[in-house]
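Chain identifiers are assigned alphabetically (A, B, ...) following the order of the sequence lines, protein sequences preceding nucleic acid strands; residue numbering begins at 1 within each chain.
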There are 2 protein chains.
Amino acid sequence: MENISHTEENYLKAIFKIAEREEKAASTNAISAEMSTSAASVTDMLKRLSEKGLIHYEKYKGVTLTANGDKIARHLIRKHRLWEVFLVDKLDFSWDEVHDMAEQLEHIQAPELVERLDAFLGFPKFDPHGDPIPDAKGNFTFRKQSPLLEMSIGDQGVVVGVQDHSTAFLQYLDRLRLVLGAKVQLVEHFEYDESVKILLNGEQEQILSKKVAQNLFIQKS
Amino acid sequence: MENISHTEENYLKAIFKIAEREEKAASTNAISAEMSTSAASVTDMLKRLSEKGLIHYEKYKGVTLTANGDKIARHLIRKHRLWEVFLVDKLDFSWDEVHDMAEQLEHIQAPELVERLDAFLGFPKFDPHGDPIPDAKGNFTFRKQSPLLEMSIGDQGVVVGVQDHSTAFLQYLDRLRLVLGAKVQLVEHFEYDESVKILLNGEQEQILSKKVAQNLFIQKS
DNA sequence: AAATATTTTTAGATTAATCTAAAAAAATAA
DNA sequence: TTATTTTTTTAGATTAATCTAAAAATATTT
């Protein structure tokens, strides 16, 4: 087990993310876009990660994570999301403020710290954006959820997550009171611009743009 | 305000520590010993830190921190000690386990996080080893304390800190129940080996070696 | 004050992580 | 199936942080 740098960790996370999103091997270009580095830098790094046994790499063929690489990536995501819960639940940050801090905290290497933090937080299964937190073995809790936009008239449910994690979107959701746990019922689809009308918390009718409805995950009830 | 790397931060901390301990400009060799790097590496780094306006450096003359360098060093110490309090008070680590984790956590860059952590912990003035935590402006709380060895027969007081921060010493103190807050009265000095006899918490008489008595700070009452 | 010892700096390399520009391979279009 | 475009890799540099070995400066001892 060699040492692994922060930078290498970030590449593993990027590869994991791409694989999850695109459901195939990550290309050099995809990684370079995800990391905001040049394709040449990515190629260099892929060679290094491959030598360390963290990825499967064949020239021109894209890469996948080895079992070990995958484990490290999941552990990073675990740490990132646990720290986000800490920042929001204990230090009262809001969900749009915590990403950059968690991005740093996820690189802290101290396995016992992670386990104790998990316990201190009450073994949360989801982070402040509704994303699942892998357990110590790397397993995610799955949840049936669908974008608000894909619900049918009359369907009811609860806001459980977001697709877009941008500050702008999260702050906008706060304004609309569309926070995690909010109850929504789909009232109407407007074909013209694909906007939707919802009933929020059984009280208030509201119209949401297609963009908002697309990026909001609902668990139907 | 340029970027400052973890490594540069560690050098600033080392220089601060040496200046505090030796009360004079830090020499290249002292820094090289403190950091476990070669003297040549130190010289290289001193040039860089000097260019960034963090230290006053003249060849062959040793270095001191500039106002800015000093501020950064104190902030690092603040972060280190606050994180130690977090680890002990909230995550139930013991005082001999937290150093390495705090060594990583002190490099997290997020000023608001530090202030919120401070508040969450109840604005502690001392860390789990009894070392003072600088406030947001970098000021330490001073406390009148003396090594147990320098107390006079009959003097009473409370354990408030340690000089030696090694795991071995801290674990030994746990065994002897000489934790922070313990009440001690000096009963006798043995000239032969400079060991001392104390009365611990008004109950138990105990003999302590010179080495222990030297490294334990007491606040007299 | 000269000789010796110690400390500090310089010179020259190395490694990780990055870049741009050019070459090579693979994919797509004509 | 060529020709063109896109993607990926290689070549060659750069910067931060480190090293060893040698040179230079400073401090200490005789």
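Going from atom OH of A:Tyr60 over to atom P of C:dA25 covers 6 Å, rounded to whole Å. To the nearest angstrom, P of C:dA16 lies 14 Å from OH of A:Tyr11. Rounded to an integer number of Å, the gap from CG of A:Leu49 to P of D:dT9 is 13 Å. Computed from coordinates, the B:Lys59 NZ to D:dA24 P distance equals 12 Å when rounded to whole Å. Atoms NZ (A:Lys52) and C1' (C:dT15) sit 11 Å apart, rounded to a whole Å. The separation between B:Arg48 atom CZ and D:dT18 atom C1' is 9 Å, rounded to whole Å. The NE2 atom of A:His6 sits 11 Å away from the P atom of C:dA17 (whole-angstrom rounding). Taking atom CE on A:Met45 and atom C1' on D:dT8, their separation rounds to 17 Å, with Å as the unit.
Contact annotation: A:Ser5 side-chain N/O to C:dA17 OP1/OP2 distance is under 4.0 Å. One finds no side-chain N or O of A:Ser41 lying less than 4.0 angstrom from the OP1 or OP2 phosphate oxygen of C:dT18.
Side-chain N or O atoms of B:Thr66 include one that pairs as donor or acceptor with a backbone N or O of B:Leu54 at under 3.5 Å.
Note on B:Lys47: only backbone sugar-phosphate atoms sit closer than 4.0 angstrom, heavy atoms only; bases stay farther off. B:Thr7 comes within contact range of the sugar-phosphate backbone alone, with a heavy-atom separation under 4.0 Å but no base atom that close.
Summarising the geometry, atom CZ belonging to A:Arg81 is positioned 4.0 Å from atom CG belonging to A:Asp131; distances are rounded to the nearest 0.5 Å.
Contacts with DNA chain D (heavy atom under 4.0 Å) in residues 28-36 of chain B: none are found.
Between A:His6 and A:His107, the ring planes lie parallel to each other; the angle is under 30°, not in the 30° to 60° tilted range.
Among C:dT18, D:dT8, D:dC19, the nucleotide with an atom closest to any side-chain atom of B:Ser38 is D:dC19. Candidate nucleotides D:dA11, D:dT20, C:dT8 were compared by shortest atom distance to the side chain of B:Ala39, and C:dT8 ranks first. When the nucleotides C:dC19, D:dC19, C:dT8 are ranked by their closest atom to the side chain of B:Thr43, C:dT8 comes out on top.
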Ignoring hydrogens and angles, write down the donor-acceptor pairs under 3.5 Å from the side chains of residues 90-103 of chain A, residues two or more places apart or on other chains.
| unit_1 | atom_1 | unit_2 | atom_2 | d |
| --- | --- | --- | --- | --- |
| A:Ser94 | OG | A:Asp96 | OD1 | 2.7 |
| A:Ser94 | OG | A:Glu97 | OE1 | 3.3 |
| A:Trp95 | NE1 | A:Leu170 | O | 3.3 |
| A:Trp95 | NE1 | A:Asp174 | OD1 | 3.4 |
| A:Trp95 | NE1 | A:Asp174 | OD2 | 3.3 |
| A:Asp96 | OD2 | A:Gln171 | NE2 | 2.8 |
| A:Glu97 | OE1 | A:Ser94 | N | 2.8 |
| A:His99 | NE2 | A:Glu103 | OE1 | 3.2 |
| A:Glu103 | OE1 | A:His80 | ND1 | 3.4 |
| A:Glu103 | OE2 | A:Lys13 | NZ | 2.8 |

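In summary, A:Asp118 and A:Arg78 engage in a salt bridge, as defined by a charged side-chain N under 4.0 Å from a carboxylate O. Between A:Arg74 and A:Asp70 there is a salt bridge, since at least one side-chain N of the basic residue sits less than 4.0 Å from a carboxylate O of the acidic one.
Place A:Thr37 and B:Val42 on DNA chain C by their nearest nucleotides, and B:Val42 ends up nearer the 5' end.
Each of A:Gln163, A:Glu84, A:His165 was checked for a side chain to side chain donor-acceptor pair (under 3.5 Å) with A:His129, and the lone residue meeting it is A:Glu84.
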